Protein chains: 2
Amino acid sequence: MHQPDHLKSAGLKSTLPRLKVLDLFENSKERHLSAEDVYKQLLSSGEDVGLATVYRVLTQFEQAGLLVRHHFEGGKSVFELNKGEHHDHIVCLQCGHVEEFFDTAIEARQENVATTLGFTIRDHSLHIYGDCTKKDCPHKP
Amino acid sequence: MHQPDHLKSAGLKSTLPRLKVLDLFENSKERHLSAEDVYKQLLSSGEDVGLATVYRVLTQFEQAGLLVRHHFEGGKSVFELNKGEHHDHIVCLQCGHVEEFFDTAIEARQENVATTLGFTIRDHSLHIYGDCTKKDCPHKP
DNA sequence: TATACAAATGATAATCGTTCTTATTTGCAT
DNA sequence: ATGCAAATAAGAACGATTATCATTTGTATA
């Protein structure tokens with residue numbers, strides 16, 4: 001798990017808001033949280049944080065490599081704990097549920113495409129949007 | 001080329017602003033334009049359009065299938081003429097140049113992934129970000 | 001061709017997500 | 001305990017986009 005050390009080694013003081021945010025990501029059943037999500041959940045847990053602080057902390061955690069930021073459609077950024085391994089996302093347009101996947105073939109072809117076009121890949125984002133046909137969508141937003 | 005018919009068949013009156021916007025996309029050497037881009041270019045061409053109209057028209061054109069909207073990183077939407085054929089994008093982080101590509105293998109694997117996870121694909125977006133290693137990047141933003 | 005009316009426009013206010021500012025508080029080394 | 005740099009909270013500011021609404025413009029009809 002994450003001790004305050006994680007923060008310290010990232011050059012960040014281990015303050016209350018930072019610990020709370022980290023806690024939330026580790027204990028929430030929802031892997032993908034927006035700044036607004038984090039803010040609201042902390043408030044309803046009785047914590048007294050400012051929205052500006054949430055944004056600041058999320059950005060710092062991203063830069064420290066603790067979180068990964070995603071730009072899904074809809075304008076708002078979504079964060080998740082950095083598991084170290086890259087993966088892409090498939091998002092249900094009906095219930096907002098997000099599943100992660102990794103496909104070696106796709107990754108390989110991307111390298112291929114980039115090389116062909118004379119690019120060096122720095123990053124990429126693949127988002128599939130669809131309908132999750134499972135009987136019970138557990139996550140209604 | 002696009003005649004006013006295109007608008008009419010989309011259920012849109014062929015008004016001056018709409019024709020101008022369509023013209024711009026057909027005659028601009030830059031395929032990918034943001035709302036702000038369109039607005040500024042029309043103004044500097046002596047046209048007198050409102051920014052709100054540009055946004056409205058772009059959205060209508062997207063819904064009518066004349067344009068395709070992309071959400072690249074950076075917060076703003078970018079539009080391009082709908083060529084009918086799907087393609088993905090690779091964006092140069094240095095100069096902002098956008099290249100289009102289509103890879104059958106990637107498309108096929110996506111279907112595969114979605115099926116495996118119990119999804120029906122509605123849409124997807126694959127953006128590769130990198131450095132375009134060509135000697136002269138022609139498009140400096 | 002004149003006209004009438006719904007549809008479209010332009011100016012501006014409002015909204016949304018996010019960042020900035022600043023006075024106050026807090027972690028932590030002394 | 002104490003001091004001070006770093007972090008915070010509140011709210012202003014911001015950029016992109018959308019909504020409002022009075023005015024204008026296509027276009028179908030007389």
Side-chain angles (χ1 to χ4, degrees), chain A residues 3-24 32-64 66-67 69-79 96 141, chain B residues 3-24 32-64 66-67 69-79 96 141:
Chain A
Q3 274 87 41
D5 309 349
H6 284 78
L7 296 178
K8 208 168 290 177
S9 66
L12 299 170
K13 282 199 220 172
S14 71
T15 66
L16 243 345
R18 285 175 184 158
L19 291 172
K20 298 298 182 189
V21 171
L22 215 40
D23 250 42
L24 186 55
H32 302 84
L33 300 171
S34 68
E36 196 69 25
D37 292 339
V38 171
Y39 179 61
K40 283 187 186 149
Q41 291 210 31
L42 288 184
L43 283 197
S44 62
S45 304
E47 305 302 332
D48 184 25
V49 288
L51 181 55
T53 301
V54 170
Y55 274 102
R56 217 182 306 115
V57 168
L58 288 176
T59 302
Q60 289 165 340
F61 283 4
E62 184 203 5
Q63 287 164 349
L66 292 171
L67 297 178
R69 181 199 301 254
H70 298 287
H71 299 274
F72 293 156
E73 309 233 355
K76 55 171 57 173
S77 293
V78 172
F79 296 82
Chain B
Q3 273 88 42
D5 308 351
H6 284 78
L7 296 177
K8 208 169 287 176
S9 65
L12 298 170
K13 283 198 217 171
S14 72
T15 66
L16 243 346
R18 284 174 183 158
L19 292 173
K20 298 298 182 189
V21 171
L22 215 42
D23 249 43
L24 185 55
H32 303 83
L33 298 172
S34 69
E36 197 68 28
D37 292 338
V38 171
Y39 178 61
K40 283 188 187 147
Q41 289 209 32
L42 288 184
L43 283 198
S44 61
S45 303
E47 304 302 332
D48 183 25
V49 288
L51 181 55
T53 302
V54 170
Y55 273 102
R56 221 181 300 117
V57 167
L58 288 176
T59 302
Q60 291 164 339
F61 283 4
E62 183 201 7
Q63 286 164 350
L66 292 171
L67 296 179
R69 181 198 303 252
H70 299 287
H71 299 275
F72 294 155
E73 308 228 359
K76 52 172 59 175
S77 293
V78 171
F79 296 82

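Per chain, numbering begins at 1; letters A, B, ... match sequence-line order. Computed over heavy atoms, backbone and side chain alike; hydrogens, waters and symmetry mates excluded. Predicted model, so just to flag it, every value in this text is computed and none were measured.
Atom CD of B:E47 and atom C1' of D:dT25 are 16 Å apart (whole Å). The CZ atom of A:F79 sits 14 Å away from the P atom of C:dG17 (whole-angstrom rounding). Rounded to whole Å, atom C1' of D:dA16 lies 13 Å from atom CG of B:L58. Spacing between atom CG of A:L43 and atom P of D:dT8 amounts to 15 Å, rounded to whole angstrom units. Here the C1' atom of nucleotide D:dG15 and the NZ atom of B:K40 are 11 Å apart, to the nearest Å. At whole-Å resolution of the value, CG in A:L7 and C1' in D:dA7 are 13 Å apart. In this entry the distance linking OH of B:Y39 with P of C:dT9 reads 15 Å, nearest Å. Atom pair B:Q63:CD and C:dA8:C1' shows a separation of 15 Å (rounding to whole Å applied).
Every residue two or more places apart in sequence or in another chain was checked for a side chain to side chain donor-acceptor pair (under 3.5 Å) with B:S45, and none qualifies.
Not one side-chain nitrogen or oxygen of A:S77 sits closer than 4.0 Å to the OP1 or OP2 atom of C:dG17.
Between the side chain of B:R18 and the main chain of B:K13, a donor-acceptor pair closer than 3.5 Å is present.
Side-chain contact between A:V38 and A:V49: absent, with no pair of heavy atoms (C-beta onward) separated by less than 4.5 Å.
Each salt bridge (Lys or Arg N to Asp or Glu O under 4.0 Å) pair with one or both residues in residues 35-54 of chain B, not counting sequence neighbours, appears once here: B:K20-B:E47.
In this structure, B:K76 and A:D48 both approach DNA chain D, and ranking their closest nucleotides by distance from the 5' end singles out A:D48.
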* **Derivation of the side-chain contact (heavy atoms from CB on, under 4.5 Å) call for B:Q60 and B:L66** => CA-CA 9 Å; B:Q60 291 164 339; B:L66 292 171; over 6 Å; no
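When all heavy atoms are compared, the tightest approach of B:S14 to B:L7 is CA-CD1, 3.7 Å.
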* Structure fact -> Scoring nucleotides 19-30 of chain C by protein non-hydrogen atoms under 4.0 Å (B base, S sugar-phosphate only, - none) yields BB------BS--
